Amino acid sequence: MNLNEEQIERYSRHILLKDVGVEGQMKLLNAKVLIIGAGGLGAPAAMYLAAAGVGTIGIADKDKVDITNLQRQIIHFTKDIDVEKVSSAKEKMNQINPDVEVKTYNEFLMANNIREIIRGYDFVIDGTDSFASKFLINDACVLEGIPFSHGGILRFDGQTMTVKPNDTACYRCVFIKPPPANVVPTCSQAGVLGAIAGMLGTIQAAEALKFITGVGEPLYNKLLSFDAKSMRFREIKFKKNDKCGVCSENAHITELKDEEQAACDLTT
Amino acid sequence: MKSYDLPKNLIDEVKEFEYKIKEFQAGAINPVQFKGIRVPHGIYEQREPMTHMMRIRCAGGIALPRQLKKTAELAEKYGSGIVHITTRQEMQIHNVKIQDIVTIYRELISVGLSSRGGGGNTIRNIVASHDSGVNPKEAFDIGPHTVALTSKMIAKENSFNLPRKFKISFSNGGEIDSRAMITDLGFLAKIKDGQKGFKVFCAGGMGASSALGVVLFDFIEEDKVYCVTEALKLMFNAYGNRRQKHKSRIRFLYKSLGEEKFKQYFNEEYQKLLQNGYPVLELEEIENKDNKNNSLKEEDISAPEFELWKNRYVKEQKQEGLFSVELPLFLGDITAKDAVKLAEFLENFGENSLRFSIDQNMHLRNIPEAYLGNVFRLLPEIKTISDKPSLTGKMIACTGADTCKLGLCLPRGVTPEIQRALFESGLDLDKLDVRIHVSGCANSCGCHHSADLGFKGKIMRKDKELLPAYVVLAGAVISENESRFAEELTEVASKDMPSFVVDVLKIYSEKKARFNSFYEYAQNEGREDIIEAAKKYSNIPSYEEDASYYTDWTAKEKFTVLKGQKAECSASLYDMIDFDKEIIDNSLEKLESVEGQEERNNLLKKILFSASRMLLVTKGLEASDELSVYGLFLKNFIGPNLVSGEFADMIKKAQNAEIGDYKAFEDKIIKLADSVKKLYESMDDSLQFKTEESPEEPSSDENSAEKFKDLRGVKCPMNFVKAKIELTPMKSGDKLALLLDDGEPIENVPGSIESEGHAILKKEKQAEHWFLLVKKG
Ligand code: HEM
Ligand code: SF4
Ligand SMILES: [Zn+2]
């Protein structure tokens, strides 16, 4: 047992939970989670994971904080404008919880570097904004066998699913391939209600915590989607796709390539 | 040159603090909560409500001239117009209004200073030999280590919420009076095989229960300093006793764990850090050279006063041609205006030109010989005591009862009187190298433990009156191989202190030739001489004969202790309690040998009386006459069952003055004295008593368990959290014994334990609390 007195107090509300307890907290302290994107989804996820005492948290993003981010990316403050997002995020995470080791990757994750970076993490949270990245993360996680949480938001809607590669349906099983560029809304057409990012990023954080502690049922084989206008949540069930390009027996993707698509600044 | 690095989030913390001040002013948070917030920021309330003192960190006593200047300007504008140098080499600003605190804080930050950690259960200012870097006899300059360690420790959040304060000292190995051997964690500079490093001491400290440090390492390389500190801090955090405040310094942890366990726990943390490749200290050299940057005109002086002054206060540095100059201050005070003048003068000599010492003086450094005259010319313009022998500059006095709520006496009142008496005595003070330290109470903020001739404030009783007095201590030696605190020898009334000190120094000056030091003298004939000298003053006049004995120097009113302050003056409480405890112990001892009926009767009567009175003061009670002592004891101790009801009859009889023959109650009286003393031992800092001794091992067999945890005083739901922590590593079927408070805890915890699949074997009320036996599921 090596929780010290301060940790016992800090994590008491976890320890009190029958399903988490000391063992669960120890698992969290020993866990490594990578958050890709320090934006709208990544911000709340990073804060909750840091608060929860996830021992090592990686955070990857190439951008600097811009004033237009502040409406929803709550880990960044006005004083952080023009600061690298990963440094800004790291500062807050350590302020929330100095126990946590934060590793920062101030780079775009691309076909040529993503596998190396995610390797060694127990769980990945996809908080990116473009379809290209989402497929890239899916494929990389499947190839490396690392479970992850997918998330996306637009205007008043959000959707998320959790994938355990090879055991459960992956993002590509459901969405096959990125949509053609012209159907993707451009930045000027699409806004987003800031709190939606918080809702979804928080669900993703909860999925990560559940996965690490082994508590409950992750969102496997189902897509949770909600519309904040009516505040209705729906679950869409599906199975593994035996024609999936990356996780089926007939998979043709064995190496990653970058899909060409302009990133849109929606969810970051 | 920089002093330490400010913590990165300090600006945010100050913002937060500003907000809390507003909340406090608006009444949204209460004074006790606010105290918990301001003290770790180094801000203390003085006795006058809403005025504050700010204690500013100066690592190793290093301050740049512009930092001194800024502090002085702030003291002038917002404070009492005085900069005070503390015995931990810090600067203090006094009489600060609450609404100005944040402004001052921000201004300090602008010159790289902060008061964060100046108080509370934090890493306090790290002290270091003030002559480090210039002393020809030192091992090496420890300034860089002090600065680097400070920067690292104050950057860490968990340095500010320790079980108790944590004091660190560095010694360069070149001076005698070093704190390294008598502090929580001390580093003594050493060179081994050409490699710089430290001998490490820990678990020492001065205070109501002082302890000399023990050796933790014979040698560590200099880059391990941070690792050792962090490891001790983590261990302290994990095992320190947070409940009993006056039992929680590292030296108590050492005592309670024993050397072996202490070192083992320390080593576990230390090895962990080493294995994780913990960062080493990044040291930045502090250059000592001629930094004169100005066309200051050399002052050439030839006068006997100049020579005398040089003999007293000027020292050659190890850097050829450079000199350090001591500026002795009167009890660490310099006016803000003078401090500004001094700072501006020092700016001519570069940034590395000033240190503060633990005897509350200033030390200029890196002054080229040709400019000593300029320093001398400056002296009349700033008020120091440079024209007096160094013995007076070396005197230390704590702030005492004037500003400190624990204080009994007024060291700052008596010290000038001692000085005056010494000047008038005709003694050649330049020939007497004696360090006189005065503390206002047992806490030793005035360092009486490390004095040649030390005084600690106490309460004396004469008939029914209380008067301010001091315990006299002598003969400390603090060095690497031999450390000894000053020994308590006798006591004198505060009123008689000045003439007593003169008497002692007169005797010493006559015998001085035969000894190498005052310490050596005190260890030999000095002891007896001092005890003898005090006898002259042992006959205290009654209040009617001479009321001046009953009012302390500079005090405005007659001496009292219980000014409705209750818990905060706990130090003085202990004196009052000890007074009765001593009577009890002495009488019990005499009882063993005394035969006479009358005498035995009297002793028993004394014991009964003192046992009944001893703890009344913890409840803020003071009996108006003898018989009411019994009434108060009955009502407040036997009534609430703190002391067993079996004594009730006897006490009632005493209250009605019905006991003629105390011998008939002999056994009961002795038993009562025992119960009261036991009760006192169980008292914690908030003056609460544990009514039962903790059954470390639950006694009977059916109650036996693999593990035991006392969860009394732990609130819901932390008590359940702690129970889970205990249960987790246990094997299924093993038993855990718990003590729980009555009320919410006993109503909630057993159910929660059961709901997690463990069995409750036993639930039993014991006095005010509950015993719970749990079998792990
Ligand atoms: C203003 C009111 C003050 C209070 C209530 C106070 C309280 C105490 C207490 C309770 C102790 C005993 C420590 C323990 O055993 O845990 C102590 C020790 C000490 N205090 Fe203070 N103190 C005050 C002011 C100061 C000041 C102004 C200084 C100088 C900076 C100072 C320097 C020391 C030193 C040097 C020790 C003992 C040596 C050591 O362990 O390092 N105190 N103080
Ligand atoms: S020694 Fe006592 S009186 Fe003096 S400052 Fe410390 S606590 Fe106060
Ligand atoms: Zn798939």
Side-chain angles (χ1 to χ4, degrees), chain A residues 1-30 32 47 50-53 55-56 74-81 83-84 86-104 213-215, chain B residues 7-13 15-16 121 155-163 230-231 233-243 248 265 268-269 271-272 276-277 707 709 714-730 748-749 751-758 777:
Chain A
M1 185 70 38
N2 39 14
L3 286 179
N4 64 34
E5 206 54 30
E6 188 186 317
Q7 288 174 318
I8 291 171
E9 287 186 19
R10 178 183 284 270
Y11 305 120
S12 58
R13 296 310 186 267
H14 275 161
I15 296 170
L16 279 169
L17 287 167
K18 179 163 192 273
D19 295 322
V20 179
V22 180
E23 297 95 331
Q25 187 60 48
M26 293 307 296
K27 286 183 192 160
L28 291 173
L29 286 166
N30 290 319
K32 298 178 166 182
M47 290 164 85
T56 306
I74 56 172
I75 204 167
H76 310 301
F77 301 168
T78 303
K79 72 167 171 67
D80 299 319
I81 289 172
V83 173
E84 285 162 5
V86 289
S87 332
S88 157
K90 176 175 175 156
E91 183 197 6
K92 308 320 176 326
M93 289 157 80
N94 281 137
Q95 281 178 19
I96 294 171
N97 188 348
D99 273 0
V100 173
E101 184 187 348
V102 180
K103 292 195 165 142
T104 57
T213 53
V215 173
Chain B
K8 291 221 171 50
N9 52 2
L10 188 62
I11 306 258
D12 287 342
E13 281 184 352
K15 244 187 243 165
E16 166 92 28
N121 299 327
K156 307 204 107 189
E157 204 79 25
N158 63 1
S159 299
F160 295 103
N161 183 21
L162 300 166
E230 184 68 12
K233 188 183 85 181
L234 291 174
M235 172 199 166
F236 187 34
N237 241 334
Y239 297 98
N241 178 349
R242 286 176 198 262
R243 255 181 90 195
S248 50
Y265 291 164
E268 281 166 14
E269 297 290 351
Q271 293 305 333
K272 240 189 280 168
N276 294 347
K707 268 183 131 178
K709 183 87 183 168
V714 185
K715 290 209 181 67
C716 294
M718 280 314 288
N719 42 18
F720 179 49
V721 171
K722 301 246 162 121
K724 285 187 80 166
I725 300 275
E726 297 300 319
L727 282 163
T728 303
M730 289 170 56
N748 290 311
V749 174
S752 307
I753 290 178
E754 277 176 325
S755 77
E756 301 222 329
H758 313 293

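No experiment lies behind these values; they were computed from the predicted model shown. Below, read A as the first sequence line, B as the second, and so on, with proteins coming before strands; counting in each chain starts at 1.
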* Under the side-chain contact (heavy atoms from CB on, under 4.5 Å) rule, what do B/I725 and A/I8 come out as? Steps first, then yes or no, please. => CA-CA 8 Å; B/I725 300 275; A/I8 291 171; 3.6 Å; yes
* Check step by step if side-chain contact (heavy atoms from CB on, under 4.5 Å) holds for A/E5 and B/N237. => CA-CA 7 Å; A/E5 206 54 30; B/N237 241 334; over 6 Å; no
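Residue contact with chain B, scored on non-hydrogen atoms closer than 4.5 Å, involves the side chain of A/Q95 exclusively. If you measure heavy-atom distances from B/S752 to chain A, you find no contacts under 4.5 Å at all.
Between the B/K724 side chain and the A/S12 main chain, no donor and acceptor come within less than 3.5 Å of each other.
More than 12 heavy atoms of other shown residues, nucleotides or ligands fall within 6.0 angstrom of atom CG in A/L17. Atom NZ of A/K32 has 12 or fewer heavy atoms from other residues, nucleotides or ligands within 6.0 Å. For B/K15, the NZ atom counts as loosely surrounded, since its 6.0 Å shell holds 12 or fewer non-hydrogen atoms of other residues, nucleotides or ligands.
Of the inter-residue distances, the one linking B/K722 atom NZ with A/I15 atom CD1 reads 10.0 Å to the nearest 0.5 angstrom. Distance CG/B/D12 to NZ/A/K79: 5.5 Å, rounded to 0.5 Å. The CD atom of B/E269 sits 7.5 Å away from the CG atom of A/N4 when rounded to the nearest 0.5 Å.
Contact detail for B/E756 and A/K18: the closest heavy-atom pair is OE2-CA, 3.0 Å.
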